[in-house]
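One structure is given below, encoded as structure tokens.
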Amino acid sequence: MTEALQQFVTMRQTEGERLAADVASHLENLESMTNRVEQLVPETVQQYYDKLYKKITELLGDRTVEESRLVTETAVVAEKIAVDEELVRLHIHIAQFRGFLESTEPTGRKMDFLVQEMNREVNTTGSKSQSLEITKLVVDMKSEIEKIREQIQNIE
């Protein structure tokens, strides 16, 4: 009986290590994609400004474009599509999740809650996005989060 229990404990430890390694790799992918979104956000604002400038100059024809008004409009849109807070929280959630992977305490429920929070941040990022490339990254990020969710269902 003692030998069977020891084998059971060893098997669970091995399974736990493999689960942790798999989840850690998904977290790494998620963090990499988050970093890429952070890099793309300034480009998105500049693209919006350029697009708006082109449209206004076409509409106004020979008349001059009031640069200050254009900058104001761009600033309003930049504020609406700003995802800085969401990305900061996502980085915090990823770091916290890594801490849970190192814990010897039961963390399954906490991980489940954290996955919900990560999903919420990614969804908000996607809904604010004005960029096709960011939207594609959001879909990939949601896929990674779903893979994590599936794995943590096996964790106490």
Side-chain angles (χ1 to χ4, degrees), residues 12-13 15-60 65-156:
R12 289 203 33 143
Q13 285 175 326
E15 180 185 21
E17 290 167 3
R18 289 183 181 152
L19 280 172
D22 186 58
V23 169
S25 73
H26 294 301
L27 287 172
E28 187 67 36
N29 293 341
L30 183 60
E31 189 160 47
S32 175
M33 288 181 255
T34 303
N35 292 336
R36 180 67 183 130
V37 170
E38 287 174 325
Q39 293 168 350
L40 289 171
V41 169
E43 291 175 23
T44 302
V45 173
Q46 183 62 46
Q47 288 168 350
Y48 177 79
Y49 177 86
D50 294 342
K51 185 176 168 182
L52 184 61
Y53 184 83
K54 182 180 177 185
K55 186 181 260 184
I56 288 174
T57 54
E58 286 174 2
L59 290 172
L60 292 178
V65 176
E66 188 180 326
E67 190 71 24
S68 64
R69 180 69 178 148
L70 190 59
V71 169
T72 302
E73 286 298 320
T74 303
V76 168
V77 170
E79 185 64 30
K80 286 181 182 177
I81 66 172
V83 292
D84 299 354
E85 293 175 16
E86 288 80 6
L87 298 177
V88 165
R89 283 192 297 269
L90 188 54
H91 280 296
I92 291 168
H93 296 330
I94 290 169
Q96 197 173 13
F97 207 103
R98 285 188 174 122
F100 289 156
L101 289 177
E102 300 296 321
S103 176
T104 57
E105 301 294 319
T107 57
R109 288 183 189 258
K110 292 177 185 177
M111 288 179 174
D112 190 48
F113 174 75
L114 209 49
V115 163
Q116 289 175 32
E117 292 301 307
M118 289 190 297
N119 205 31
R120 184 174 291 120
E121 302 304 343
V122 171
N123 281 335
T124 303
T125 300
S127 67
K128 289 183 172 184
S129 175
Q130 299 290 318
S131 161
L132 181 59
E133 192 169 353
I134 291 175
T135 301
K136 288 178 182 177
L137 281 167
V138 163
V139 170
D140 292 341
M141 292 165 80
K142 290 175 77 167
S143 175
E144 289 298 321
I145 292 170
E146 185 56 33
K147 291 173 187 173
I148 293 169
R149 181 191 311 276
E150 289 172 7
Q151 288 294 31
I152 64 169
Q153 298 306 309
N154 299 310
I155 297 174
E156 290 180 8

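Quantities reported herein were computed from a predicted structural model and do not represent experimental measurements. Worth knowing before you read on, the calculation uses all heavy atoms, side chains too, and leaves out hydrogens, waters and symmetry mates.
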Could you pull out every donor-acceptor pair under 3.5 Å between side chains of residues 16-26 and any protein atom, sequence neighbours left out?
unit_1	atom_1	unit_2	atom_2	d
Asp22	OD1	His26	NE2	3.4
Asp22	OD2	His26	NE2	3.3
Asp22	OD2	Gln151	NE2	2.7
Ser25	OG	Asp22	O	2.7
His26	ND1	Glu144	OE1	2.7

Hey, could you give me the [atom1]/[atom2] distance between [X] and [Y], rounded to the nearest 0.5 Å?
X: His91; Y: Leu87; atom1: NE2; atom2: CG; answer: 6.0 Å
X: Phe113; Y: Phe100; atom1: CZ; atom2: CZ; answer: 9.5 Å
X: Gln39; Y: Thr34; atom1: CD; atom2: OG1; answer: 11.0 Å
X: Ser143; Y: Leu137; atom1: OG; atom2: CG; answer: 12.0 Å

Item to check | Flag side-chain contact, heavy atom, 4.5 Å: Leu27 against Leu101 | outcome: yes
Next on the checklist: Is the shortest side-chain heavy-atom distance between Lys136 and Met33 below 4.5 Å?
Outcome noted: no
Checklist entry - With sequence neighbours excluded, what pairs up with Lys128 under the salt bridge (Lys or Arg N to Asp or Glu O under 4.0 Å) test? => result Glu86
Validation: residues 115-126 side-chain donor-acceptor distances under 3.5 Å, sequence neighbours left out:
unit_1	atom_1	unit_2	atom_2	d
Glu117	OE1	Arg120	NH1	3.1
Glu117	OE2	Arg120	NH1	2.3
Glu121	OE1	Arg89	NE	3.3
Glu121	OE1	Arg89	NH2	3.3
Glu121	OE2	Arg89	NE	2.9
Asn123	OD1	Lys142	NZ	2.8
Asn123	ND2	Asn119	O	3.3
Thr124	OG1	Arg120	O	3.0
Thr125	OG1	Glu121	O	2.9

Next on the checklist: Restricting to side chain to side chain donor-acceptor pair (under 3.5 Å), what partner residues turn up for Thr104, sequence neighbours left out?
Outcome noted: none
Checklist outcome for this item: Sorted by chain and number, sequence neighbours left out, side chain to side chain donor-acceptor pair (under 3.5 Å) with Asp140 holds for none
Next on the checklist: Once side-chain contact (heavy atoms from CB on, under 4.5 Å) is applied, do any residues pair with Glu133, and if so which ones, sequence neighbours excluded?
Outcome noted: Arg36, Leu40, Ser131
Checklist entry - What residues, two or more places apart in sequence or in another chain, satisfy side-chain contact (heavy atoms from CB on, under 4.5 Å) together with Glu146? => result Arg149, Glu150
Checklist entry - Between Ile134 and Val41, does a side-chain contact (heavy atoms from CB on, under 4.5 Å) hold up when you go through it step by step? => result CA-CA 8 Å; Ile134 291 175; Val41 169; 4.2 Å; yes
Checklist entry - Going by the salt bridge (charged side-chain N to carboxylate O under 4.0 Å, His left out) test, which pairs reach into residues 92-110, not counting sequence neighbours? => result Glu28-Arg98, Glu31-Arg98
Item to check | Residue pair Leu114 / Gln96: nearest heavy atoms and the distance that separates them | outcome: CD1-OE1, 3.5 Å
Item to check | Closest contact, heavy atoms only, Met141 versus Leu30 | outcome: CB-CD1, 3.7 Å
